[in-house]
Amino acid sequence: MTNGPLNNDAAAPPPLPSMMHSFATPVQPLSRLSELKSLGGSPRELWVTFAIKFLDSLANFSMHIILVLYLTQEFAYSDVKAGAVFGAYGALITAYGIGTGLIIDRIGVVKSMYSGVILSLIGRLIMLLVTASTAGQAMLLIALIIVLPIGNSFMFPTMMIAIRRYTVKKNRNFVYGLFYTTMIIAIFVSGPLVDLFRLLLSGDDNILPDGSVEQAKLMYFAWTPYRGILALGVASTVVECILCMFLREIKVEEDDATRTLDTITNESDSASAASTTTTTQLRTSSFVVPKTSPLQSMKNTFRKGSFRRYMMLGIILTNIKVIWRHLDATLPKYMIRKFGVDVPFGSIIAIEPLSIMLSTPIIAFFAENSESLPMVLIGVSVASLSPIFVVIFPNFIWAFCIFLVLFGLSESIWSPRYYSMSVCWAKEGHEGVFAAFAFAPTFLAQLPVGALSGFLLSTYCPNENYCNGTKLWGVVFGMALLSPLMMMMWWRWLNKEEEDENEFDEADADDNANVNNDDSLDEPLLTTP
């Protein structure tokens, strides 16, 4: 899109510089002081997006931790059935994401955010209010395989695109780092919250005269710790709905913003100019959503060599992402059966995001100018080796703590680099399609985890009397080792320079010409200070 009037002779916009390089090309960042100053004039939408991200992550990850336990303890699902539902929920986010990615590109950030938040609210309300009756179980499945996955398929790509709209190239990597940190903080808070609800609501049972136990009730259902976590998710989503009212369909003007950041960079070397630019407001313009046909958008995206390589990288990393999903699907049940019902598994799981928060600044400082693809390989290698401790010492909680510390360290090495590639490499107006397909392996990882988790638990740890952690976690460890090996096998292709950009841009130029021939768009963009 352009910042001036749209006309029939408008040329196709030039490709982003980052689209002309391979995965290995490092981004030249601003200094840390300049990056912080550059955020002072950011539009309010950037901070609203951060707030929505935190609340949505809190609702999602706290639910993920207790989902299989909720299904088993309140709806009598077996390990295999609970794992299958967990896996289907994640995989369907990918399936629906193909369609919602096209919709996002057509309707824009604001409407997409509203769609995702409202659907998520409906799904979480259903999960909170249903009972174990036949109708209740049917409604539960509707929430888990239709409503919530569609809502989630809107949320993550939309927020990634929003960050791109509200930033400029020179500080975008830094802002994506903050965005990632926001998610990690929410994950860290989720674990102790689960333990807190288990502690607060575990003593609300009433002992009846015949010795039986009747759980405390709110309205018509038992008020269990799992219902408390789901109620927290509903409350968070209500706040998200309110925050969406403060969003506008805008983008930061790259030229003016770049000049502002250049000034910040130059003046940051001078102590006398330390505070003169922090209040500079970056100029924004209304973002006109392109009218590209869905099929043309998909066709143009698939032509990009960088997209195909990113997809392959995501597939290779699936086994590493499987470990992350096992923290939700497998670890809670395993720890209860191995160490007893009082084990604080939520706080133990929180060690992983705590490790990420502590290690990320150190990694960023020492590897700021390192190439992205080697950093991904290093991080993936560390992640694949981290389960070895629980394979050798499955009967000790300290082994799980070491495993989670190392896995968190690996995440801080590879994950920010991997995620920042996605929308930064996508053509403007095609980010939804790119993100939907590029992140497909991330959510598809949940499908094998669900099925495998149920099988491993029922086979190697069915109850507290028999729980063979070496065999259970040995399977996870063996699968994880495949990712760095496959990445090294495909290294030369993943790391090669872009060869098909001209073909992509010619197709995109034709597509933009069709958009510009639309008389309804032949008007200048509105500019806001």
Side-chain angles (χ1 to χ4, degrees), residues 53-75 77 79 81-94 116 120 123-124 126-128 140-141 143-145 147-153 155-156 182-198 224-234 236-237 320-336 344-354 356 404 407-408 411 415 439 442-454 457 476:
K53 178 60 178 176
F54 175 83
L55 293 168
D56 195 62
S57 297
L58 182 65
N60 273 326
F61 289 106
S62 59
M63 186 197 78
H64 291 170
I65 293 174
I66 57 96
L67 181 56
V68 291
L69 289 168
Y70 176 66
L71 294 175
T72 296
Q73 295 187 16
E74 300 208 16
F75 294 89
Y77 279 31
D79 288 339
K81 185 177 179 180
V85 172
F86 180 90
Y89 161 71
L92 286 169
I93 294 175
T94 298
S120 297
R124 287 165 187 156
I126 292 174
M127 289 192 64
L128 172 63
L140 177 69
L141 289 177
L144 283 173
I145 68 177
V147 183
L148 266 177
I150 295 177
N152 285 337
S153 70
M155 292 300 294
F156 189 78
T182 301
M183 179 184 71
I184 295 303
I185 293 173
I187 298 173
F188 171 69
V189 173
S190 298
L193 275 177
V194 169
D195 287 337
L196 179 62
F197 275 89
R198 291 176 67 214
T224 64
Y226 311 122
R227 302 274 182 178
I229 290 295
L230 294 173
L232 175 67
V234 170
S236 298
T237 314
I320 296 300
K321 296 165 187 172
V322 159
I323 299 178
W324 202 38
R325 297 267 58 95
H326 273 295
L327 300 184
D328 301 327
T330 309
L331 191 58
K333 278 188 175 181
Y334 175 85
M335 298 202 79
I336 287 177
F345 62 81
S347 298
I348 293 173
I349 292 173
I351 292 175
E352 190 257 352
L354 178 62
I356 295 175
L404 292 168
F407 191 64
E411 281 272 326
S415 198
F439 286 109
T442 300
F443 296 106
L444 281 176
Q446 201 159 320
L447 181 60
V449 166
L452 182 61
S453 172
L457 285 169
V476 177

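Ring centroid separation for the pair Tyr334 and His326 does not come in under the 6.0 Å cut-off.
Thr330 and Ser453 form a side-chain donor-acceptor contact under 3.5 Å, judged by distance and modelled atom types alone. There is a side-chain donor-acceptor pair under 3.5 Å between Lys333 and Thr72.
A 4.5 Å side-chain heavy-atom check between Phe156 and Asn60 finds every atom pair outside the cut-off. Counting heavy atoms from C-beta outward, Tyr77 and Leu140 have side chains that approach closer than 4.5 Å.
For the atom pair CG of Leu232 and CG of Leu55, the computed distance is 9.5 Å after rounding to the nearest 0.5 Å. Remark: Ile66 CD1 to Thr224 OG1 distance equals 8.0 Å, nearest 0.5 Å. Expressed to the nearest 0.5 Å, how far CD of Glu74 lies from CG of Leu69 amounts to 10.0 Å. The structure places CD of Glu352 at 10.0 Å from CD1 of Ile323, a figure rounded to the nearest 0.5 Å. Note that CG of Leu331 and CG of Leu404 are 6.5 Å apart. Values are rounded to the nearest 0.5 Å. Note that the CD1 atom of Ile184 and the OG atom of Ser57 stand 8.5 Å from one another [nearest 0.5 Å].
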(request) Please lay out, stage by stage, how Leu58 and Ser236 fare under the test side chain to side chain contact (heavy atoms under 4.5 Å, CB included). (result) CA-CA 8 Å; Leu58 182 65; Ser236 298; 4.0 Å; yes
(request) Step by step, work out the side chain to side chain contact (heavy atoms under 4.5 Å, CB included) result for Leu144 and Leu71. (result) CA-CA 11 Å; Leu144 283 173; Leu71 294 175; 4.1 Å; yes
(request) Test side chain to side chain contact (heavy atoms under 4.5 Å, CB included) on Met127 and Leu148 and set out the steps. (result) CA-CA 10 Å; Met127 289 192 64; Leu148 266 177; 3.6 Å; yes
(request) Mind running side chain to side chain contact (heavy atoms under 4.5 Å, CB included) on Tyr70 and Met63 for me, showing each step along the way? (result) CA-CA 9 Å; Tyr70 176 66; Met63 186 197 78; over 6 Å; no
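For the salt bridge (Lys or Arg N to Asp or Glu O under 4.0 Å) test, no residue two or more places apart in sequence or in another chain qualifies with Lys81.
Residues Leu92 and Ile145 approach most closely at CD1-O, 3.2 Å, considering heavy atoms. Contact detail for Arg227 and Leu128: the closest heavy-atom pair is NH1-O, 2.6 Å. For the residue pair Arg124 and Gly233, the shortest heavy atom distance occurs at CD-O, 4.0 Å. Nearest heavy atom pair, residue Ala350 against residue Pro192, reads CB-CD, 3.7 Å. When every heavy atom of Phe86 is checked against every heavy atom of His64, the shortest pair comes out as CE1-O, 4.1 Å. Taking each heavy atom of Ile150 and Ser153 in turn, the nearest pair found is O-OG, 2.6 Å.
A donor-acceptor distance shorter than 3.5 angstrom exists from the side chain of Asp195 to the backbone of Ser347, with no hydrogens or angles considered. No donor-acceptor pair under 3.5 Å is formed between the side chain of Thr237 and the backbone N or O of Ser120. Remark: the backbone N or O of Gln73 is not paired with any side-chain donor or acceptor of Tyr226 at under 3.5 angstrom.
At a threshold of 4.0 Å, the pair Lys321-Asp328 does not count as salt-bridged, since none of the basic side-chain nitrogens sits closer than that to a carboxylate oxygen.
When each of Phe188, Trp324, Phe54 is tested with Phe61 by the rule ring pair (Phe, Tyr, Trp, His ring centres under 6.0 Å), just one qualifies, namely Trp324.
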